[in-house]
Structures are given as structure tokens and as C-alpha cells.
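For reference, the structure discussed in these notes is given below.
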Amino acid sequence: MSRTAEPQTHSLSSRERCPQASGLESLAPSVSSVEETPDPIPTTIKGTIPTWINGSFLRNGPGKFEFGEDRYNHWFDGMALMHRFHICEGKVTYSSRFVRSDSYVCNSEKNRIVVSEFGTIATPDPCKNIFARFLSRFQSPKATDNANVNFVKYKGDYYVSTETNYMRKVDPQTLETKDKVDWSQYIAVSSATAHPHYDREGAAYNMGNSYGKSGFFYNIIRVPPPESEAAKTDAADLTGAEVICSIRAAESRKPSYYHSFVMSENYIVFVEQPIKLDLLKFMLYKIQGKSFHKIMTWEPQCGVVFHLVDRHTGKESEVKYLAAPMFTLHQINAYEDNGFLVMDMCCGDDGNVIGDFTVENLKRESGEELDKFYNLLCRNLPRRYVLPLDVDEQTPLDQNLVTLENCKATATKTKPAEVYMTHEELHSDELLQYGGLEFPQINYLQHNGRPYRYFYACGFGHVFADSLLKMDVHTKELKVWRYPGLYPSEPVFVASPEAAEEDDGVVLSVIITPRKEKSTFLLVLDAKTFTELGRAEVSVRVPFGTHGVFNEMG
């Protein structure tokens with residue numbers, strides 16, 4: 001007998017439920033170009049850095065926003081700058097290097113922007129005659145290899161990645177740029193996300209697009225684990241990569257944008273959301289002199305479709321799981337529980353947010369205009385969706401199928417092979433005062449794809465994060481680290497060697513303040529109590545970044 005549950009609904013959007021800001025300080029100094037620091041420099045330690053932490057905290061993000069007189073329009077366009085905080089015996093050194101991508105090298109040689117990025121269209125070469133410059137607008141735009149989003153790992157090797165078909169292999173010790181890797185040389189995809197997942201055996205899973213006469217497809221990719229007997233070489237190696245499932249887009253000319261995907265122990269879920277890419281505009285955007293982010297549109301009338309795929313067989317479920325329109329960049333975790341797939345994600349109600357992060361907006365001075373910009377941004381909140389896995393012809397219509405204890409999410413079969421879901425709010429109202437959250441991280445090695453209790457994230461009381469949060473998903477209670485003028489990066493959990501509980505370890509985050517020059521520091525929090533253990537202060541300026549990982553072999 002199925003239990004009925006009252007769905008959690010709100011007439012106000014996620015943005016409207018959070019407080020309006022006033023008097024925000026300018027972040028302009030932290031969205032400016034910096035110099036690289038290729039040779040490791042010492043840091044000043046305050047407090048205590050646990051001696052058991054032995055490795056490198058690697059981070060990625062934009063670090064250069066102009067070449068000559070040309071300037072990038074969007075924050076996502078800045079040239080990739082890799083950061084390394086090497087931690088050993090309670091001491092920390094810092095180094096950074098720009099990724100020597102083809103984009104970076106070509107732009108540097110010409111001293112102008114010659115490769116188009118997400119929000120910046122490269123202008124034709126002024127040395128060409130008028131006719132040649134006109135014709136250049138009709139050439140197919142070359143995808144950038146400016147891999148400024150994340151560090152990823154395939155077959156034991158580190159790469160830096162963005163969302164095109166290109167990655168760069170890197171040395172995690174020296175941050176040296178190595179081989180350029182084109183996904184399309186291994187499998188028939190034209191892009192891949194910067195957020196792969198990893199299983200217990202060491203295989204990596206990702207998603208990429210393909211487009212042809214038969215339509216537009218979202219492809220699930222599997223890269224096998226490293227071969228234990230294989231001779232180690234310095235060359236990039238994605239051999240054995242395969243597409244295990246191709247999901248047809250609902251609209252072949254307007255596929256959905258996605259930044260990540262959901263994976264549990266036995267399933268992968270692709271979230272087809274109503275942020276659409278207009279492929280006709282994509283064909284024309286260079287001719288029209290428009291950048292890539294102009295082809296993205298928020299179309300809430302499309303709603304959301306969750307595509308369920310068996311990770312082992314690659315078979316897509318015939319059941320379509322539908323939900324009200326929402327926008328998601330990052331998942332928190334997913335796991336199976338008594339015939340249900342529980343999926344936790346950071347979600348918002350407005351998908352226009354991506355195009356808003358222009359350099360001009362981020363460099364606004366303190367005052368009414370900066371407050372107005374922030375107050376119009378979407379706020380993302382943690383939500384739980386629950387998919388019933390055993391839906392067939394005998395499954396009754398029009399009743400809630402979710403029978404998990406203390407779960408307020410619902411799933412109702414509305415017609416054959418179609419289930420409509422409502423989410424559970426995975427937080428209390430206390431979270432709203434911190435502006436919602438993003439950049440979620442868990443104890444990934446032990447709890448990815450499995451039941452879990454805690455996740456760590458950034459609170460967004462400003463355009464960039466201004467707090468660190470620890471959320472208990474059982475009680476929805478928060479622990480908070482927040483100080484005026486300090487802006488943290490994505491928190492990364494590192495388990496202690498003798499960990500007995502899920503949150504035995506530390507949380508690492510890079511803290512930036514625009515109030516002082518050269519005042520960045522690496523923060524180390526006790527993950528259980530969420531109190532500060534120590535910090536390592538850096539004597540060079542560090543800009544805001546995107547994602548990072550901890551390399552235990554560092």
C-alpha cells in the first residue's frame with residue numbers, strides 16, 4: 001500500500017525566498033589578471049595544519065582576462081590558471097602556472113584575442129585585407145582548449161578540462177602542460193563535461209554530445225581503469241573509451257545544456273533541463289559577431305526529463321521521469337534505497353544565470369548597481385528527487401509511489417511509462433539567509449553513489465561565495481564558517497588516515513579578500529566541528545577560481 005505525501009511547493013522562486021542584499025562590497029580586484037608563480041613559495045602558517053595531511057590541493061580557474069588591447073567579456077573566458085597548495089608535515093607551499101593551451105599560446109604570440117571563448121568572439125586578423133576578414137566570419141569556429149574549469153582524472157593521469165572536446169594532460173607536481181587530448185579521436189563526441197564520476201574499480205564516466213543526420217544525442221562515456229600491468233608512459237591515453245548509451249534529445253535543434261550528471265552504484269541519470277542551445281543560432285553566431293553564451297535560452301515550458309540508464313548494461317529505461325522546470329549545475333550525491341533512486345542536487349528556478357557572469361558585472365563598484373545585479377541572480381537550493389525504479393504496467397496510476405520513511409518527495413505515475421515527480425526541500429529556512437548554496441562536495445571516496453549524511457558547500461550571500469556550509473541531510477541542520485570580507489572557494493573534503501566516521505577529516509578551501517593585496521590563504525577546517533584548525537597565508541594575489549581536487553599522491 002503506497003503512502004501519500006504532501007509535496008513541498010512554494011509560490012515564490014528560490015531567489016525570492018532569499019533576503020535581498022544591500023551595501024555589497026566590490027569584488028573587482030579579485031576578478032583581474034595575475035602573474036603566475038611557477039616556482040613553489042613558502043606560506044605563513046597561522047594555527048596548526050595537521051601533519052597527517054600529505055598531498056596537493058589543486059585548483060583551476062580563470063587568471064588572465066586580456067591580451068594587448070583586447071579584453072574578455074565573460075568570467076568563464078579567462079585563461080586557465082592552475083594552483084597548487086602542497087601540504088607536507090604541517091607546512092604548505094604555493095605555486096601556479098597558466099595552462100599552455102593552444103588558445104593561450106596563440107593569443108600570447110599575437111598579443112590579442114585570436115580564439116573565441118564562451119562569451120567573447122575573436123575579431124578577424126587586422127593584417128588581412130577586408131575580403132579575407134569578411135570570409136573569416138563564415139568559417140566554422142574552432143573550439144577552445146582553454147581548460148579552466150576543473151582537474152579530472154583518467155587512467156590515473158591528471159588533466160585539466162573545460163566543456164569542449166579538448167583537454168590538456170598536466171603534471172600534478174610541476175603543473176607543466178603536456179599533451180592536448182581530443183575526445184573525438186577516441187569516441188564520436190564533440191564535447192565532454194568537466195565533472196566525470198569514478199566507480200570503485202577506477203573507471204571514469206562522463207557525458208558528451210554528438211550531432212548528425214539522425215539527430216542530437218547526449219552520450220554516456222566510460223573510460224576504463226588504468227591497466228595494472230601496462231607500462232607507464234608520459235603520453236595521454238584514453239584508449240578503451242566507449243559510448244555506453246546515447247540518449248536522443250527531445251528537440252534535435254534545441255538540445256539542453258548540462259554541466260554534470262547523476263551517478264549511483266548501478267545507475268546514471270541525465271537531467272534534460274530547460275536551458276536550451278539554439279543550434280541554428282550556433283551556426284550563425286560567428287557571422288553575426290555574437291558569442292556562444294548568446295545561443296543559450298531559458299525555456300521553462302519544456303520542464304525537466306530525468307533519463308535513467310543502467311550503468312552496467314547501458315540500457316535506457318523506457319520510463320520517463322518528469323518534473324517542473326528547474327536549473328541545475330551540480331549534483332550532491334545519489335544512492336539506491338529499497339527500490340528507489342535518491343538524487344540530491346543544487347537547483348534553482350531561473351536558468352538565465354550563466355550568461356550574467358560578465359567581467360563588467362563582476363567588476364561593478366560597491367553601490368546600487370552591484371546590489372541590483374546580485375539581487376537578480378538565481379539562488380540555488382538543495383533538493384531531493386526520488387525515482388521509483390520498479391515502474392511497469394501494473395504500477396497504479398495517480399498515487400504517490402515513494403514509500404521511503406520520512407521522505408517528502410513524491411513520484412506519481414500519470415500515464416504508461418511516465419512518472420511525474422515533486423522534490424523535497426533538503427534544507428531548513430536557515431539556509432535562505434546565506435543566499436542558498438552551490439559547489440557541493442561530499443566524502444567522495446567512501447560515499448559517492450552510497451547513502452551519506454553530510455555535504456559541504458559555499459553559501460552565496462554575494463555574487464561569489466561568502467561562506468562555507470556543512471549540511472546534515474538527516475536533520476537539515478547547518479554549520480557555518482563566515483567572516484565579513486572573506487570569500488571562500490569550493491570546499492574539498494580530505495579524510496583522516498584513521499577515519500571511523502563519515503566526517504572524520506578536514507575541509508580545504510582557498511579564501512580570497514578584495515580588501516587587501518596579497519592576502520589569500522588556504523583554510524583548513526575540522527570537518528566534524530567546522531572550526532578552523534589553521535591557515536596558510538600566500539604572499540601573492542590569487543583570483544577567484546572554479547573547481548579543485550586533492551591529490552593524495554602529491
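Ion pairing between a basic and an acidic side chain is recognised when a charged N comes within 4.0 Å of a carboxylate O; Arg383 and Asp344 show no such pairing. Between Asp310 and Lys315 there is no salt bridge, since no side-chain N of the basic residue sits under 4.0 Å from a carboxylate O of the acidic one. Between Arg482 and Asp466 a salt bridge is recorded (basic side-chain N to carboxylate O distance below 4.0 Å). A salt bridge does not link Lys479 with Asp472: every distance from a Lys NZ or Arg NE/NH1/NH2 to an Asp or Glu carboxylate oxygen is 4.0 Å or more. Taking the charged nitrogens against the carboxylate oxygens, Asp349 and Arg15 have no contact shorter than 4.0 Å, which rules out a salt bridge. Salt bridge status for Glu501 with Lys528: present, with a side-chain N to carboxylate O gap under 4.0 Å. Ion pairing of Lys408 with Glu425 is absent here, as no side-chain N (NZ or NE/NH1/NH2) approaches a carboxylate O to less than 4.0 Å.
Looking only at side-chain heavy atoms (C-beta outward), Ile187 and Ser184 stay at 4.5 Å or farther from each other. Ile332 places a side-chain heavy atom less than 4.5 Å from the side chain of Ile442. At a threshold of 4.5 Å between non-hydrogen side-chain atoms, the residues Lys169 and Tyr158 do not count as touching. Pro224 places a side-chain heavy atom less than 4.5 Å from the side chain of Arg222. At least one side-chain heavy atom of Trp298 sits under 4.5 Å from a side-chain heavy atom of Asp350. Between Met167 and Val152 there is a side-chain heavy-atom pair separated by less than 4.5 Å. Using a 4.5 Å heavy-atom threshold, the side chains of Lys254 and Glu299 count as touching. Counting only heavy atoms from C-beta outward, the side chains of Arg59 and Ser489 approach each other to under 4.5 Å.
Judged by distance alone, the side chains of Glu502 and Gln446 never bring a donor and an acceptor atom under 3.5 Å apart. One side chain, His312 or Asn266, offers a donor N or O that lies under 3.5 Å from an acceptor on the other. Between the side chains of Lys155 and Thr239, at least one donor N or O lies within less than 3.5 Å of an accepting N or O. When only modelled atom types and interatomic distance are considered, His74 and Glu117 share no side-chain donor-acceptor pair under 3.5 Å. A donor-acceptor pair shorter than 3.5 Å cannot be found between the side chains of Thr410 and Asn400.
In this pair, Tyr385 and Phe306 present their aromatic rings tilted. The plane angle is within the 30 to 60° band. The aromatic rings of Tyr218 and Phe216 stand perpendicular to each other, their planes meeting at an angle above 60°, with 30° marking the opposite boundary. Relative ring orientation between Phe493 and Tyr456 is described as parallel, the plane-to-plane angle staying below 30° on a 0-90° scale split at 30° and 60°. Classified by interplanar angle (parallel below 30°, tilted 30° to 60°, perpendicular above 60°), the ring pair Phe464/Phe357 is perpendicular.
The aromatic ring centres of His547 and Phe151 sit 6.0 Å or more apart. The aromatic ring centroids of Tyr258 and Phe270 lie less than 6.0 Å from each other. A centroid separation of 6.0 Å or more is found between the aromatic rings of Tyr321 and His307. Annotation: Trp183 is in aromatic contact with Tyr154 [ring centroid separation under 6.0 Å].
Between the CG atom in Asn333 and the CE atom in Met345 there is a gap of 11.5 Å [rounded to 0.5 Å]. Atom CD1 of residue Ile268 and atom CD1 of residue Ile221 lie 10.0 Å apart, to the nearest 0.5 angstrom. Atom CG of Leu387 sits about 11.0 Å away from atom CD of Glu336, to the nearest 0.5 Å. Atom CG of Leu322 and atom OG1 of Thr422 lie 12.5 Å apart (nearest 0.5 Å). One finds the SG atom of Cys18 at 7.0 Å from the CG atom of Leu431 (value rounded to the nearest 0.5 Å).
Nearest heavy atoms, Ser190 versus Asn165: O-CB, 3.4 Å. In terms of heavy atoms, Ser428 sits closest to Lys476 at OG-O, 3.7 Å. Across Val304 and Met326, no two heavy atoms sit closer than the pair CG2-N, 3.6 Å. Across Pro491 and Val507, no two heavy atoms sit closer than the pair CB-CG1, 3.4 Å. Between Ala188 and Asn219 the shortest heavy-atom distance is O-ND2, 4.4 Å. Shortest non-hydrogen contact noted between Tyr186 and Asp182 is CD1-O, 3.6 Å.
Considering Thr162, Asn150, Val160 in turn, Val160 is the only one that fulfils the side-chain contact (heavy atoms from CB on, under 4.5 Å) rule with Asn60. If you run side-chain contact (heavy atoms from CB on, under 4.5 Å) between Leu437 and each of Cys346, Ser467, Cys458, only Cys346 comes through.
Side-chain atoms of Tyr487 do not come within 3.5 Å of backbone N or O of His462 as any donor-acceptor pair. Side-chain atoms of Ser260 do not come within 3.5 Å of backbone N or O of His195 as any donor-acceptor pair. In terms of modelled atom types and a separation under 3.5 Å, the side chain of Asn206 and the main chain of Thr193 share a donor-acceptor contact. Side-chain N or O atoms of Thr475 include one that pairs as donor or acceptor with a backbone N or O of Glu477 at under 3.5 Å. The main-chain N or O of Val149 is found under 3.5 Å from a side-chain atom of Thr546 such that the two form a donor-acceptor pair. The main-chain N or O of Leu445 is never found under 3.5 Å from a side-chain atom of Asn448 such that the two would form a donor-acceptor pair. No donor-acceptor pair closer than 3.5 Å links the side chain of Glu201 to the backbone N or O of Pro225. Here the side chain of Lys276 pairs no donor or acceptor atom with the backbone of Pro255 at under 3.5 angstrom. A distance-only check finds a donor-acceptor pair linking the side chain of Ser256 to the backbone of Gln273 [under 3.5 Å]. Formation of a donor-acceptor pair under 3.5 Å by the Asp199 side chain with backbone atoms of Gly202 is found in this model.
No more than 12 heavy atoms of other residues, nucleotides or ligands lie within 6.0 Å of CD in Glu393, so this atom counts as exposed by the packing criterion. Around the CD atom of Glu265, the shell of radius 6.0 Å holds more than 12 heavy atoms that belong to other residues, nucleotides or ligands. Within a 6.0 Å sphere centred on CZ of Arg253, other residues, nucleotides and ligands contribute 12 heavy atoms or fewer.
A cation-pi contact links Arg379 to Tyr374, judged by a cut-off of 6.0 Å to the six-membered ring centre and 45° from its axis. By the 6.0 Å and 45° rule, Lys470 does not stack over the aromatic ring of Phe455.
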Verdict with reasoning, Thr144 to Thr164, per side chain to side chain donor-acceptor pair (under 3.5 Å): CA-CA 7 Å; Thr144 181; Thr164 69; over 6 Å; no

Report the C-alpha separation of His197 and Tyr205 in whole Å, then their side-chain angles, then the decisive distance to 0.1 Å, and conclude whether the ring-ring contact (aromatic ring centres under 6.0 Å, His included) test is met. CA-CA 5 Å; His197 275 293; Tyr205 294 80; 8.8 Å; no

